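I have placed the structure first, in the form of structure tokens, so that the comments after it can refer back to it.
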Protein chains: 2
Amino acid sequence: MGSYEEQFARDYQAVEAALPGYLPQGDTLQKTVQEAMAYSLLGGGKRIRAVLCLVFCRLCGGTTEEAMPFACAIEMVHAYSLIHDDLPCMDDDDLRRGKPSCHVRYGEAMAVLAGDGLLTLGFETMLGQYYTGRYPPQRVVKAAAELARAIGTGGMVGGQVIDIQHEGKPITGEALNLLHSLKTGSLIRASARIGCIIAGASDDIIAKADSYAKNLGLAFQITDDLLDVTSTPEALGKPIDSDQENGKTTYATLYGVEKSRQIVKELVLEADLAIKGSVLDDPFLYQLADRLAQRDR
Amino acid sequence: MGSYEEQFARDYQAVEAALPGYLPQGDTLQKTVQEAMAYSLLGGGKRIRAVLCLVFCRLCGGTTEEAMPFACAIEMVHAYSLIHDDLPCMDDDDLRRGKPSCHVRYGEAMAVLAGDGLLTLGFETMLGQYYTGRYPPQRVVKAAAELARAIGTGGMVGGQVIDIQHEGKPITGEALNLLHSLKTGSLIRASARIGCIIAGASDDIIAKADSYAKNLGLAFQITDDLLDVTSTPEALGKPIDSDQENGKTTYATLYGVEKSRQIVKELVLEADLAIKGSVLDDPFLYQLADRLAQRDR
């Protein structure tokens, strides 16, 4: 499979190459919303979720090709969540990945609709795989059900609700954990789980993948918080210290930088432990956890 | 089955009784968004889409109970669309069914999230039926795929895009037809189709149901436009002449009241023709089309 960097680059590029093909095209009356969807979906991003989906599918005996539509659907849902989170009535962020946010570029109405469109397209892309005849229907329905469960009020939307309601207010460590486990953790876990499901993995293996992704997701989020205080605007592509300015409690403000780094290390160890000795025991996953926790943007 | 009124009231009440049970409950951190979702989902509404789903399922040999989770999921998606349509950046409507709109009552952020939450819950509710073991997986995945196809940029969202982009601008009869067939028609057609799918109906029967619902949906929408100029605020529960004030082209402004009424009559005849002589040939459906076209609110 080559080095970690080679494998990540290969999967990343495969996702980048596949994504545009799933976007609606060609209807002149829908041109603006289609552009807004493409702008946000194709505007960069680490593709962690998609790569997790591909990797777990392969480790469970499936192929990159089988996982790809599901991996792309997950990226659509992730893109929708960023568009709606950036809206003026939400986090009111004008910049995303160093570019104007969707609503700054296309207006609020089109941003709401582009988000709605991408969320729906995520489900349409997954569920449409049924008609290819290439998947047992059970796997398609289970994958889509995992997605739905991960992103509703019991998942991603629920995390954003907690986030919005605590803006400028103190938050306990417990509530902060819940916020992150819902807002970013749920979809990261679903990405790993869906990869396994597409390959027809057992519940036992899905549970191991879930545990890995759960710890990875939290480590990823804490690192995000840390970068907001320790990175530079150039490296991040957005202003630093924005959390503090918005009065947000983060791991960095709650525990300090050193203790937060320690928590990240422990989470990476937990992630490693979850896959050790199983079919998921693969150098790539150990390295992925390490790198995500040590990234500088 | 009793008279048309009795049957409609029975189905309507069954839907009203079932809906609350599908809403998330009990998590104190999610209390506000759960209230906002309940406020919009349970705040009245004609339940045409849900009733269509139930009726078509029964006519194809299924039961009310089998269709109910799918019918309720469709109502969730309909409620989401109304919440997002009413937002200040969209149609900016402060009133919905005689009550403050969701964003007026709960604020914009919570309204966006309640909409996102209801859309997702619609899919979660449908797809979760797989785990009950009561449905062939194919039917669940086909029903959810129908929903996704009906509400994306090739359907409901696409209709709203056309609507937003033509606000205050002239629109051709052709574009107006497309707008309505996407914005309201798609979900009404999906409601009928999903009812058939749950009962395991053939493609031929699904096509007849689709044709009925397509004509019904357009008749319904034109009647909506007509009511905006011919009804009273008391009967409608919202201001009249709002379309004209917003500079919207409607069937009423494009063709005049008389010609529009004629078009509605023809559409009802087309709807009737679609089901005539088939398993769907049922007095209730003829009456439903008649009543929707002649309603005063």
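Please read all numbers here as calculations on a predicted model, not as lab measurements. We name chains A, B, ... by the order of the sequence lines, and we start the count at 1 in each one. Values reported hereafter were calculated over all heavy atoms of this structure, with side chains retained and with hydrogens, waters and symmetry mates removed.
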Name the option with the most non-hydrogen atom pairs under 4.5 Å to chain B; the candidates are A/Ile162, A/Leu179, A/Val140, A/Thr125.
->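 Result: the option with the highest number of such pairs is A/Ile162.
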Heavy-atom contact with chain A under 4.5 Å, split by part of B/Tyr130 |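 B/Tyr130 touches chain A through side-chain heavy atoms alone.
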B/Leu182 versus chain A, the contacting section by heavy-atom distance below 4.5 Å =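 Side chain only.
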About how many Å separate CD of A/Gln160 and CE of B/Met110, when rounded to the nearest 0.5 Å?
->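 If I round to the nearest 0.5 Å, the distance is 9.0 Å.
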Distance in Å, A/Glu124 CD paired with B/Glu146 CD, rounded so as to fall on 0.5 Å steps =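 Those atoms lie 10.5 Å apart.
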Kindly indicate whether the side chain of A/Leu127, heavy atoms from C-beta on, has any atom under 4.5 Å from the side chain of B/Leu127.
->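 Yes - at least one pair of side-chain heavy atoms lies under 4.5 Å apart.
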Which heavy atom in B/Cys89 sits nearest to a heavy atom in A/Val112, and how many Å separate them?
->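 Closest pair (atom of B/Cys89, atom of A/Val112, distance): SG-CG2, 4.0 Å.
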Residue part contacting chain B, namely of [X], when any heavy atom lies under 4.5 Å:
X        : result
A/Leu178 : side chain
A/Leu87  : side chain
A/Glu108 : both
A/Met156 : neither
A/Leu29  : both
A/Met37  : side chain
A/Ile151 : both

Donor + acceptor pair across side chains of B/Thr153, A/Gln34 (<3.5 Å) =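 B/Thr153 vs A/Gln34: no donor-acceptor pair found between side chains.
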Atom NZ of B/Lys214: over 12 foreign heavy atoms under 6.0 Å =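 Check fails, neighbour count at 12 or below.
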Is it true that a side-chain atom of A/Gln30 and a backbone atom of B/Gly158 form a donor plus acceptor pair closer than 3.5 Å?
->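 Answer holds: yes.
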Take the angle between the ring planes of A/Phe123 and B/Phe123 and call it parallel below 30°, perpendicular above 60°, tilted in between.
->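 Parallel: the ring planes of A/Phe123 and B/Phe123 meet at under 30°.
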Hey, which of A/Asp27, A/Leu113, A/Asp116 is the one that makes side chain to side chain contact (heavy atoms under 4.5 Å, CB included) with B/Val161?
->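 Only one of A/Asp27, A/Leu113, A/Asp116 forms a side chain to side chain contact (heavy atoms under 4.5 Å, CB included) with B/Val161, namely A/Leu113.
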